[in-house]
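Structure record follows, encoded as structure tokens.
To find a chain, count down the sequence lines: A is the first, B the second, and so on, and within it residues start at 1.
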Number of protein chains: 2
Amino acid sequence: MDLFISKYFNKIDKKGRVSLPSNFRNALPKANRNEIILYKSIKSPSIEGCGVGRLKEIAKRINNLDFFSEDYDDFATSIFSEIVTTNIDKEGRFLIPEDLKLYAGIKTEAAFLGQGHFFQIWEPKKSLKNTEVSRRRLLEEKKSLRMMLTQQK
Amino acid sequence: MDLFISKYFNKIDKKGRVSLPSNFRNALPKANRNEIILYKSIKSPSIEGCGVGRLKEIAKRINNLDFFSEDYDDFATSIFSEIVTTNIDKEGRFLIPEDLKLYAGIKTEAAFLGQGHFFQIWEPKKSLKNTEVSRRRLLEEKKSLRMMLTQQK
DNA sequence: TGGGTTTATATGGGCGTCAATGGGTATATG
DNA sequence: CATATACCCATTGACGCCCATATAAACCCA
């Protein structure tokens, strides 16, 4: 299963290290499980991450936006210029850069949220609130979309 | 017959393990009978589960949404981060995560309800009450539906 | 059809392995 | 030289794997 699934709460030690959930490590391509990329989420105060292979996918999606629009500039700038790559040590831990932790408000603990082809890293309490809000929006406002997911093939 | 049908009451041991009814195990695709997915039911205080195959189907559909939209996030968060995958051991048992047990009020015993393409896990007493209520609703309020189901072609 | 035997399922428990976490030390980088 | 990061080792608890047993269902044979 090459998807990032489930939610995990891991601690950040004195050295700033945090374990990438083993489940997520297994979702990375076997070829390169020692490296991931991180960047600020555009839509929420969280950090998004994935394997380096997904860079191409991200580029493609941005390319589908109107090249002359403000969005294009904003996205290209926000994402590409801010992407960092970090190494995963033999115990499966990595370091979250200070500016990213600041952006997400993360201090001593991090919530890892599977998002399918990528994952998000949140400050735990914020993640709970966000999950709650998303769930309610889905329940109350988006019946037609929900149908898309619940109908049998 | 690859459908989840019937009702079973199984015990949860000290280690938190519970047997997936063998009938349900047989309803899983032969390809992958060692893994199932679990998630909070949207409509009731119960846990829903099914084979992992359904997950890939959902992933595909979500991937078709506009990546930068709010919808995408709502779905990804509500679904991928809320879903849990658990392994089934050689005796056919698995672990129910604590937060899911809490959500369903399950402690030492679990009721498995076949629902066709998926199944539900309830706290036994609640399941009895729910079955009763569902049955009465069906009888009293949904005569038209009943007609549809029972009329001979 | 009855009685005995096998098989499968649910359940219990021991134990090794792995994941998450903590810390010491070497190495690198400026 | 000072700080940050990589590597190595240790600890703890959870989980997976294996084996055991009891009850129930299936089977077989006379």
Measure the distance from CZ on B:Arg17 to C1' on C:dG14 and round it to the nearest whole Å.
10 Å
What nucleotide among D:dT5, D:dG16, C:dG12 has an atom nearest to a side-chain atom of A:Leu95?
D:dT5
How would you label the contact of A:Ile88 with the nucleic acid (heavy atoms, under 4.0 Å): base, sugar-phosphate, or nothing?
nothing
Between A:Lys90 and D:dC8, is there a side-chain N or O to OP1/OP2 distance below 4.0 Å?
yes
Any base atoms under 4.0 Å from B:Asp89, or only sugar-phosphate, or nothing? Heavy atoms, all strands.
nothing
Side chain to side chain, B:Lys11 and B:Val18, heavy atoms closer than 4.5 Å:
no
Would one find a side-chain N or O of A:Lys14 under 4.0 angstrom from OP1 or OP2 of C:dG23?
yes
Separation of A:Tyr8 atom OH from C:dC18 atom P, in whole Å?
18 Å
Testing C:dG22, D:dC18, C:dA10 for proximity to the side chain of B:Arg93, the answer is D:dC18
If I take atom CZ in residue B:Phe24 and atom P in nucleotide C:dA10, what distance separates them, rounded to the nearest angstrom?
11 Å
Do the side-chain N and O atoms of B:Ser44 and B:Ser41 include a donor-acceptor pair separated by under 3.5 angstrom?
yes
A:Asn26 backbone acceptor or donor facing A:Arg33 side chain under 3.5 Å:
yes
Whole Å only: how far is the NZ atom of A:Lys11 from the P atom of C:dA19?
19 Å
Establish whether the base of D:dC19 is bridged to the side chain of B:Glu91 by a donor-acceptor pair shorter than 3.5 Å.
yes
Please determine, for the side chain of A:Lys15, which listed nucleotide (D:dG16, D:dC19, C:dG23) has the closest atom?
C:dG23
OP1 or OP2 of C:dA20 versus the side-chain N and O atoms of A:Arg25: is any pair under 4.0 Å?
yes
Can you tell me how far C1' of D:dA25 sits from CG of B:Asn23, to the nearest Å?
13 Å
Rounded distance (Å) that lies between atom C1' of D:dT11 and atom CG of A:Asp13:
15 Å
Ignoring hydrogens and angles, state whether a donor on the side chain of A:Glu82 or A:Tyr39 is under 3.5 Å from an acceptor on the partner side chain.
no
With a 4.0 Å limit, can you tell me whether A:Asn10 has a side-chain N or O closer than that to the phosphate oxygens OP1/OP2 of C:dT21?
yes
note: B:Arg33, atom CZ; C:dT9, atom P; distance rounded to Å ~ 11 Å
Report yes if a side-chain nitrogen or oxygen of B:Ser22 is closer than 4.0 Å to either non-bridging phosphate oxygen (OP1 or OP2) of C:dT9; otherwise report no.
yes
What is the separation between atom CG on B:Asn87 and atom C1' on D:dC17, rounded to the nearest whole Å?
12 Å
So that I know where these two stand, are A:Tyr8 and A:Phe24 an aromatic pair - ring centroids less than 6.0 Å apart?
yes
